[in-house]
Every structure is written in structure tokens, then in C-alpha cells.
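This report concerns only the one structure given below.
Nothing here was measured: the structure is a model prediction, and the numbers come from that model. Only this structure's heavy atoms are used, side chains among them; waters, hydrogens and symmetry mates stay out.
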Amino acid sequence: PTRRSSDLTTNPALRQMVVEYHVGGVILFARNVESPQQVAQLCRDLQTAALESGHPGLFIAIDQEGGRVARLTRETGFTEFPGAMAMAATGDPQNAKRVYAAMAAEMRAVGINVDFAPDLDVNNNPQNPVIGIRSFGSDPQQVILFGVAAIEGLQENGVLAFGKHFPGHGDTGVDSHVSLPLVAHDRQRLELVELPPFRAAMRADVAGIMSAHVTFPAIDPQPGRPATLSQPVLTGLLRNELGYQGLVATDSLEMGALGEAGYPPPKAAVAAFDAGADLLLFNRDHALHQAAIAEMKAALANGTLKMAWLDESVLRILLAKQRFGLLAPQIPDPSTVAEQVYTHEHLELARSIADQSITLLRDRAGLLPLQPNEPLLVIEPSGARGLAAALNATYLQTGTEPTQAEIKLALSMARDGRKVIVVTADANRLAEQADLVNDLLSAGAPVIVVAARNPYDILAFPQVKTYILSYGLNFPSIQALVAVLRGEVVPSGHLPVEIPVLSGQ
């Protein structure tokens, strides 16, 4: 991402939000991360500004799940780890604990103390455009085992964990960043599938739960009201029925789902607080933050919001800060941070988990392992970084929705009987990627499909004979994929989701 210098430091407008508006915390995005030293300095300046103006220490938060959702990346000097579904494919929940413990160590080193992770959604919808490999799988019990291990890894290492997205974003076919999804299941089904991981997280004393911008008619009968703004969901179900005493955070109040539901961010802030949220999350634009604060003050003054609720919320926040030592937090030291991030031990852990995650679902044509120096064609609609170069292969990159001209070119390049590796991403949802693979198969090319994102791509070409899953495209996953393709690592991953086309196989 292009980073403006004002995003990398405590600029005057941000400082004003901390000193004068007393925000309880700050969230960092990729645009705020340039290097470990810079992040440590930013967090140091933020905490110092809070403490010197007589306020408790700040929550300094980030979305660091591993895999697809990582703001601290290899290019900025941090260790990248495989994501949730890759961890689940290893079959060992302790791997999730190890990964999240290592991520927590790197976060704490630079002064980050809240991770909006793990994802506790049960991903059982092949059409889900936003969760997918961010989930630990389609079986609630598996999500519980890995989710609780992840929470322990974070919280035993001083970082508050927030399970998300309550009451469950796994069975949606719409991205709530863009518009409002609906989960139409009855309460009995929610009790069997969506809710168990959140109940388990609460038993594990998770610091926080993040709400989903998803509407659940079985819990809230008002049509089109997202869970984030729903008193029946956040207070009725989460607080009163499930008895949750920890923090409740909203997902970003600037996402499309809320705007579509008629709630611009300042209005959404009042509605979310009224529903039962303690932490109101925003992305950028301090004018918007100030407008939300003004709207909250007006609602308290005119009695729309109850002052007693605000007091309860503030007490919950202070108790969480006390529990994790954040009332007077440790201030990070930029000069020592280099020894604590991107360590040999963390890199080895990332590589080991990735090696264990790669899943060979089938190789009926016996195309693996690849032979040294055999001619190969790698086609990437997915943006896989460096796979073709690592394999010394002829390379064709297409868009995620390959054009007819690109498919024609692929067919002409695949003519000499060479093995063709197609790295797909969401081919089961993107018909053009499916066309590319199906046309190659029809032409008789020896095709190896690598599903680099969600495991469900095989639904679009069930006849494919060699199908391998990497559950992600970041550095450790690509490294592990290369090792498996070459036969240096025996693939041992297990499929963490059910795929309809495979039943009975």
C-alpha cells in the first residue's frame, strides 16, 4: 500500500483524538506499518500522549489473523504465518496456539496489545466471498479446538483476543464490506453450528467478541437490521442469554453493510452502543470520529442513550485494561525491537506449519512429484508470488477472470504435452477461471490445479485428476507448495471442510 508519512506517525490530528477526545484505543492498518522500528515508535508516542494527558493506556489493535488477513507482513519486517484454515489442515490445534503465541510476541514487541482474531466463523458455505480460508473449517468442533488454542496463544502472551464475527459470518454468500448478508437459519441450527465456537471462546475467557454486520431473522425479527446494531443480538443473546461479561467490539462502522442499512458511521455508532457494543471501530477520517462523538454526546444528553450503560461499558473497558496491564502499559523500545521480530525461530515455525498444511486431495494421473528440469507451464489467475520462478517454469499470468483471449493463449502454450499448473483462487465463484481449467482439461493437457485460496474450486471442475490445496498465497505457503510439488516434502494436510462433490469418494 502507498503509505503517507502522516499515517506512519502520531500526527497532530491523531494526537488531538488521544489527548482531547480521550479515545480508548487506536487500530493500525497496513498503511500504518512500514517497519518494526516505526511501529514501535508510533505505539510509544501514542501511549505517551495518553499517559501524559492523564488517561489510562490505550488499546492498540490490529487485524492479524495470519494468511490472507495480515497487516504485519514480511515486506515490512515481520514474520508471516499461514492462515486459520492452513493451521486446521495440519490437524493439530497446538499449531494454532504456537502461531498465535509467536504473532503475539511480535505484536507485543512493537506495542500492539489487541488482536482482532481469531476468526470463529464456521465456514460451511462454498460461496462465501469473505471468510473462507480465514475460518478453521466447516465443523464447529474443529473451529472450537483451534479457536480456543489461538485465544490461549494470544492471551497467555499478553495480547487481548477478540473472537469474530458474532453470531457467525460463515454461512453467507455476500461480503459485508460491500453489502448486507442474511443468515436465514432457525435458532436450533444456530445452536448447533454458529454459536458453539463463541460459547467455547467465552468459557476460555476471551477478552472480546466482535460483531458481524449480518442480519439474523431468527434472533432479531426486525428486517434488515445487522447484528452490530441489534439489541436482541448483542444484549439479548450475547449478554443476557449467554452471560458474556467481556468486551463487545463492532466490526468497522464504515463498512458497506451498515451504509446500505441506512446507518452512516455517526448514526451507526449510537445504534451499536445502544445495542450493547463497548468498542466502536472506525477506519480513517478524524472528522467522522468527532461527528460520532458529538452524536453520542447528544444521544446521552437527550436520553436516547442511558448514562448507566456508558458507565458499565467504561468499567468493562477499564477492567480489561487492568487485567492485561494496560492502565500503565509497557512502552515499546524501538532500539531493541529488531531482535524480537522476524526471528529464526518464528520463520522456522511458519515454514513447519505451512509444510504440514499442504493437502493433496487427489493425484489420479500420477503427475506428482515433478521431475527435475521437466518443462512446465504455470498459469496464475491468482497472483501467486514467485511460484513459477521457484519452479523455473514458463509463466502466464491472467486476471482473476481470464478473458477469452487469455484462455486461447493458455491453450496454445499448453500444446506440447508439458504439465500445466493452474493456480486458482475462488474458481468455484468465478466462471472464467473455471472455463480456463475446463478448456485445458478438454484439450487433454496434464493439469495440476493448485487451489490457492478456498478449497472449493474443485466444484467447478470435478473431473480434474490432480488437485492440491495451499490455503493461501503468502510466503511460507508458497515455499511449502514448491517443496511438495518437487517431492521434497510429503503432503500430509487434511481437508478442513466438507466439499459436496467429494462425498462418497
Side-chain angles (χ1 to χ4, degrees), residues 68 125-133 172-175 177-179 256 359-368 370 374-474 477-478 481-482 485 497 499-502:
R68 257 180 88 184
N125 186 335
Q127 293 297 315
N128 196 323
V130 65
I131 304 300
I133 52 172
T172 59
V174 171
D175 182 350
H177 291 85
V178 183
S179 56
T359 306
L360 180 60
L361 209 55
R362 58 167 73 144
D363 183 20
R364 294 175 181 164
L367 299 180
L368 295 177
L370 303 173
E374 71 173 312
L376 295 169
L377 170 62
V378 172
I379 304 174
E380 293 177 3
S382 60
R385 286 179 274 170
L387 180 63
L391 294 171
N392 195 21
T394 305
Y395 175 61
L396 172 64
Q397 178 149 21
T398 70
T400 50
E401 297 171 38
T403 62
Q404 281 306 308
E406 286 173 330
I407 292 174
K408 208 168 163 185
L409 178 58
L411 288 167
S412 71
M413 291 173 74
R415 275 208 174 125
D416 56 1
R418 66 177 59 199
K419 290 176 188 171
V420 182
I421 300 172
V422 187
V423 187
T424 60
D426 295 332
N428 68 306
R429 294 193 304 106
L430 299 171
E432 296 84 353
Q433 279 189 49
D435 291 344
L436 168 67
V437 173
N438 282 315
D439 288 359
L440 285 163
L441 291 170
S442 299
V447 175
I448 298 165
V449 170
V450 175
R453 192 172 275 186
N454 293 315
Y456 304 106
D457 291 2
I458 196 169
L459 292 168
F461 29 77
Q463 74 280 25
V464 71
K465 292 194 169 118
T466 304
Y467 186 71
I468 192 165
L469 307 162
S470 72
Y471 312 103
L473 280 175
N474 69 2
S477 295
I478 292 288
L481 179 61
V482 169
L485 290 169
V497 295
I499 300 182
V501 75
L502 301 173

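The distance from atom CE of Met413 to atom CG of Leu377, rounded to the nearest 0.5 Å, is 5.0 Å. Atoms CD and CD, on Glu401 and Glu406 in that order, are 10.5 Å from each other to the nearest 0.5 Å. Taken to the nearest 0.5 Å, the CD1 atom of Ile407 stands 10.5 Å off from the CG atom of Leu396. The distance from atom CD1 of Ile478 to atom CG of Leu473, rounded to the nearest 0.5 Å, is 5.0 Å. Note that the NZ atom of Lys408 and the CG atom of Leu436 stand 15.0 Å from one another [nearest 0.5 Å].
Between the side chain of Asn128 and the backbone N or O of Ile131, at least one donor-acceptor pair lies under 3.5 Å. Put simply, the side chain of Arg362 gets close to the backbone of Val464: a donor and an acceptor are under 3.5 Å apart. Proximity of a side-chain donor or acceptor of Tyr467 to a complementary backbone N or O of Asp457 within less than 3.5 Å is detected. Of the possible donor and acceptor atoms, none in the side chain of Asn454 sits under 3.5 Å from a partner among the backbone N and O of Tyr456.
Looking at every heavy atom in both residues, Ala427 comes nearest to Ala434 through O-CB, 4.0 Å. Contact record, Val420 with Ala414: CG2-CB, 3.7 Å, taken as the closest heavy-atom pair. In terms of heavy-atom proximity, Leu367 sits nearest to Asp363 at N-OD1, 2.9 Å. Residues Pro455 and Leu469 share a closest heavy-atom pair of CA-CD2, 3.7 Å. Taking each heavy atom of Pro462 and Ala460 in turn, the nearest pair found is CD-C, 3.7 Å.
For the side chain to side chain donor-acceptor pair (under 3.5 Å) test, no residue two or more places apart in sequence or in another chain qualifies with Asn428. Annotation: side chain to side chain donor-acceptor pair (under 3.5 Å) contacts of Ser477 (sequence neighbours excluded): Asn474.
With a 4.5 Å cut-off on side-chain heavy atoms, Pro129 and Asp426 do not count as touching. Under the 4.5 Å side-chain criterion, counting only non-hydrogen atoms from C-beta, Leu391 is in contact with Val482. Looking only at side-chain heavy atoms (C-beta outward), Thr403 and Thr398 stay at 4.5 Å or farther from each other. Counting heavy atoms from C-beta on, the side chains of Arg68 and Ile133 come closer than 4.5 Å. Counting heavy atoms from C-beta outward, Lys419 and Thr466 have side chains that stay 4.5 Å or more apart. Contact of the Leu440 side chain with the Leu411 side chain is registered, since non-hydrogen atoms from C-beta on lie closer than 4.5 Å.
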Original post:
Are Val447 and Val422 close enough, and set up right, to give a side chain to side chain contact (heavy atoms under 4.5 Å, CB included), and what steps lead you there?
Top reply: CA-CA 7 Å; Val447 175; Val422 187; 4.1 Å; yes

**OP:** Carefully, step by step, assess Leu485 and Leu387 under the rule side chain to side chain contact (heavy atoms under 4.5 Å, CB included).
**Re:** CA-CA 10 Å; Leu485 290 169; Leu387 180 63; 4.2 Å; yes

**OP:** Tell me, with the steps shown, if Thr424 and Leu430 meet side chain to side chain contact (heavy atoms under 4.5 Å, CB included).
**Re:** CA-CA 10 Å; Thr424 60; Leu430 299 171; over 6 Å; no

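Annotation: side chain to side chain donor-acceptor pair (under 3.5 Å) contacts involving residues 431-452, sequence neighbours excluded, comprise Asn438-Gln463.
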